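Note that the coordinates shown come from a computational prediction; the quantities given were computed from them, not determined experimentally. Counting starts at 1 for both ligands and their atoms, in listed order. FYI, side chains are in, hydrogens and waters are out, and symmetry mates aren't considered; it's all heavy atoms of this structure.
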Amino acid sequence: MSRALFDPITLRGVEIRNRIWIPPMCQYSVDAQDGVPTDWHLMHLGSLARGGAGAVIVEATGVVPEGRISPQDLGLWNDTQRDGFRRITDLIHSQGATAGIQLGHAGRKASTWRAWGVRPEGNVPPEHGGWQPVGPSPVAFPGLAIPTELDSAGIRGVVEAFAAAARRAVEAGFDLLELHGAHGYLLHEFLSPLSNHRTDEYGGTLENRARLLLEVTDAVRDEVGEDVPLIMRLSATDWSEGGWTPEETEQVSAWLGEHGVDLISVSSGGNVADAVIPVGPGYQLAFATAVKGRTGLPVAAVGMIDEPFQAEQIVALGQADVVLVGRESLRDPNFPIRAAEALRYRMPYKPAQYERAYR
Ligand SMILES: Cc1cc2nc3c(=O)[nH]c(=O)nc-3n(C[C@H](O)[C@H](O)[C@H](O)COP(=O)(O)O)c2cc1C
């Protein structure tokens with residue numbers, strides 16, 4: 001039986017075998033703190049590719065050292081890191097999946113403790129590999145350091161770092177690139193009036209707050225050329241009075257389309273510590289559908305999409321073009337195979353070695 005969830009999708013000539021993709025998920029597993037991928041990343045990402053996902057998108061990867069969320073994050077600011085990613089893209093490709101990577105700068109939410117194990121309060125001090133974070137304005141995320149305001153040279157450096165990391169990602173064999181414009185990290189911090197109090201051309205009006213996002217997009221597109229699909233991840237809302245809104249997300253998504261972004265990945269939140277978020281199955285889906293309707297761009301939906309029929313319905317009804325399955329993929333890296341079985345779809349790339357498990 002044919003199923004919308006398992007139809008391939010093509011972005012700029014890159015065909016992705018189905019619509020169940022793995023969203024970026026930080027592993028905080030670079031114990032050497034040098035940004036170079038480890039055996040953990042290889043095994044983790046390889047098993048997700050083996051499980052039948054269409055694209056596997058590597059976790060938020062810092063474009064500069066101070067752009068990492070934690071000292072244990074991946075990085076792509078040097079060629080040693082680039083070369084370390086090659087075995088990961090090779091392994092993902094060997095399992096028939098498309099390799100993507102999320103490039104990010106954590107801004108005022110950088111230099112935090114990794115999200116598992118011992119987690120003291122506040123920022124990571126220098127003796128544990130921490131650093132002073134930067135941001136659009138000297139406005140702290142609650143519980144974290146006041147960031148140093150980026151000046152125009154600093155902003156230029158961020159733009160150039162995204163472009164250089166994008167080039168290295170392509171050299172490392174990644175087929176598609178995602179830019180992290182969500183979750184209260186640097187690009188989102190510029191977008192939201194709650195974190196951006198600037199009075200120069202990067203603050204104030206929506207055009208000004210979106211300027212850095214569009215400059216990064218243009219620089220990355222210039223650097224990698226026309227053949228590489230670009231995804232932008234946005235938080236559709238801050239879920240907070242006076243914050244970033246779904247309407248602004250739709251407008252900026254339309255601009256991103258004009259600037260050569262191929263797909264918008266629609267998440268939410270992350271810029272406000274005490275936001276009340278109505279979490280539940282598909283709780284962010286309507287934002288993705290609205291962006292698709294407004295822009296005509298393909299969109300990815302994310303957030304508690306955990307059930308095969310739920311995922312199929314989202315794609316079949318055209319509510320989104322792709323579903324991102326995060327935590328459920330950590331619980332079961334073979335979720336796409338399981339979904340195919342549940343939907344009675346004969347998955348041509350189900351590993352023959354596992355055939356007996358599904359008889
Ligand atoms: C362990 C973990 C790490 C995450 N790291 C990232 C990340 O690096 N970049 C990002 O944009 N989102 C990150 N997220 C958010 C996920 O990509 C996803 O949007 C979120 O988990 C909601 O989807 P789900 O309900 O399917 O898990 C992370 C989530 C988890 C659970």
Atom indices of ligand 1 within 4.0 angstrom of [X] heavy atoms, with elements:
X    : result
A60  : 8 (O)
P23  : 17 (O)
M304 : 24 (P), 25 (O), 26 (O)
R327 : 21 (O), 24 (P), 25 (O), 26 (O), 27 (O), 31 (C)
G303 : 22 (C), 23 (O), 25 (O)
Q102 : 7 (C), 8 (O), 9 (N), 10 (C), 11 (O)

Tell me: protein heavy atom nearest [atom], and distance?
atom                    : result
atom 18 (C) of ligand 1 : V302 CG2, 3.8 Å
atom 19 (O) of ligand 1 : R233 NH2, 3.0 Å
atom 26 (O) of ligand 1 : G326 N, 2.8 Å

**OP:** Would you kindly specify which portion of H183 sits under 4.0 Å from ligand 1, judged on non-hydrogen atoms: side chain, backbone, both or neither?
**Re:** side chain

Original post:
Should the heavy atoms of other residues, nucleotides or ligands under 6.0 Å from CD of E215 be counted, would the total exceed 12?
Top reply: yes

Subject >> Test item, A182 contacting ligand 1 (heavy atom, 4.0 angstrom) >> reply: no

Subject >> Hydrophobic cluster membership, L206 vs V291, 4.5 Å side-chain cutoff >> reply: yes

Original post:
Do T98 and D175 meet the criterion of a side-chain donor-acceptor pair at a distance under 3.5 Å?
Top reply: no

Subject >> Counterpart residues, side-chain contact (heavy atoms from CB on, under 4.5 Å), relative to R82 (two or more places apart) >> reply: L76, D79, R168, E171, A172

Can you give each donor-acceptor pair under 3.5 Å made by side-chain atoms of residues 52-59, sequence neighbours left out, with the distance rounded to 0.1 Å?
{"from": "E59", "atom 1": "OE1", "to": "Q27", "atom 2": "N", "distance (Å)": "3.2"}

